[in-house]
Amino acid sequence: MKHPPIELRVGDCQEIEAFLADRIYEFNSKVTGYFDGESFSLIQRNNLGAILAGISGYTWGGCCFISHLWVAEAQRRQGLGRALLQGAEDNARSKGCAVVLVSSHSFQAPWFYKRLGYEKRATVADHPQGHSNIFYAKRLVPDAA
């Protein structure tokens with residue numbers, strides 16, 4: 001059977017990413033029995049409405065995944081990133097999450113996550129080339145003994 005051609009799209013692919021994320025969520029929920037997935041974001045705006053900092057991710061199945069955390073350069077080192085991460089952790093706790101997962105490139109802020117109690121779980125070298133991607137986890141509730 002001949003398949004239709006595969007399309008390559010570059011650039012703005014948000015519609016396709018949302019479609020794929022929904023299909024994967026449907027599959028994962030059916031397999032695991034967890035139907036509690038929820039996206040979240042926390043942002044801070046200036047008095048003109050421009051975003052100065054934000055964090056986004058999702059909770060699902062007792063876990064929280066941080067997708068993005070960004071603070072405008074002029075706002076860095078003032079506790080805003082810590083406050084955003086704490087807000088995400090508080091949201092995760094309210095959803096019954098036991099763990100928060102996040103990744104940071106070696107040139108971003110791995111020290112930031114370590115300082116806030118995140119433990120390195122894996123490193124992928126050359127992502128991007130010459131650097132690495134480091135995956136962290138933080139337990140919100142103690143491991144069962």
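Both backbone and side-chain heavy atoms feed into the values below; hydrogens, waters and symmetry mates do not. As the structure is a prediction and not an experimental result, all values here were calculated from the model.
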Derivation of the side chain to side chain contact (heavy atoms under 4.5 Å, CB included) call for E119 and R139 = CA-CA 9 Å; E119 297 178 11; R139 284 235 159 254; over 6 Å; no

Can you tell me if CZ on F107 sees more than 12 non-hydrogen neighbours from other groups inside 6.0 Å?
-> yes

Could you list who else is in V10's hydrophobic cluster, with ILVMFWY side chains joined at under 4.5 Å, directly or through other members?
-> L8

Positive for ring-ring contact (aromatic ring centres under 6.0 Å, His included) with Y118, one of F112, W111, Y113 | Y113

Which pair of non-hydrogen atoms, one from L42 and one from A88, has the smallest distance, and what is that distance?
-> CD1-N, 3.9 Å

How far apart are the C-alpha atoms of D36 and K95, what are their side-chain angles, what is the distance that settles it, and do they pass the side chain to side chain contact (heavy atoms under 4.5 Å, CB included) test?
-> CA-CA 9 Å; D36 62 344; K95 301 294 181 184; over 6 Å; no

Does W60 sit in a hydrophobic cluster with other residues, and if so which ones, taking ILVMFWY side chains as linked at heavy-atom separations under 4.5 Å, directly or through other members?
-> Y25, Y34, F35, Y58, F65, V99, L101

Heavy-atom pair of closest approach, residues P110 and I134 | CB-CD1, 4.0 Å

Enclosure of R77 CZ (heavy-atom neighbours >12, cutoff 6.0 Å) = no

Work out which heavy atom in N133 is nearest to a heavy atom in S103; give both atom names and the distance.
-> OD1-CB, 3.4 Å

Examine distances only and state if a side-chain atom of K138 and a backbone atom of V102 form a donor-acceptor pair shorter than 3.5 Å.
-> no

Any chance you could measure D126, atom CG, to H131, atom NE2, to the nearest 0.5 Å?
-> 9.5 Å

Rounded to the nearest 0.5 Å, what separation is found between the CG atom of L140 and the CD atom of E89?
-> 6.0 Å

For A53 and L80 the tightest heavy-atom approach is CB-CD2, 3.4 Å

Interatomic distance, I43 atom CD1 to I55 atom CD1 [nearest 0.5 angstrom] | 12.5 Å

Ignoring hydrogens and geometry, is there a side-chain-to-backbone donor-acceptor pair from T59 to A92 under 3.5 Å?
-> no

Using the rule that two of Ile, Leu, Val, Met, Phe, Trp, Tyr join whenever any of their side-chain heavy atoms come within less than 4.5 Å, decide whether I66 and F135 are in one cluster.
-> no

Taking Q75 for the side chain and A72 for the main chain, is one N or O donor matched with an acceptor at less than 3.5 Å?
-> no

Would you say the side-chain atoms of S104 pair up with the backbone N or O of A109, donor to acceptor, closer than 3.5 Å?
-> yes

Crowded around Q78 CD? As in, over 12 foreign heavy atoms under 6.0 Å?
-> yes

May I have all residue pairs that pass salt bridge (charged side-chain N to carboxylate O under 4.0 Å, His left out) and include part of residues 7-18, sequence neighbours excluded?
-> E7-R9

Taking all heavy atoms of C97 and all of C63, pick out the closest pair and write down the distance.
-> SG-O, 3.3 Å

Report the distance from atom CG of L84 to atom CH2 of W70, rounding to the nearest 0.5 Å.
-> 10.5 Å

Between atom CZ of R93 and atom CD of Q86, what is the distance when rounded to the nearest 0.5 Å?
-> 6.0 Å

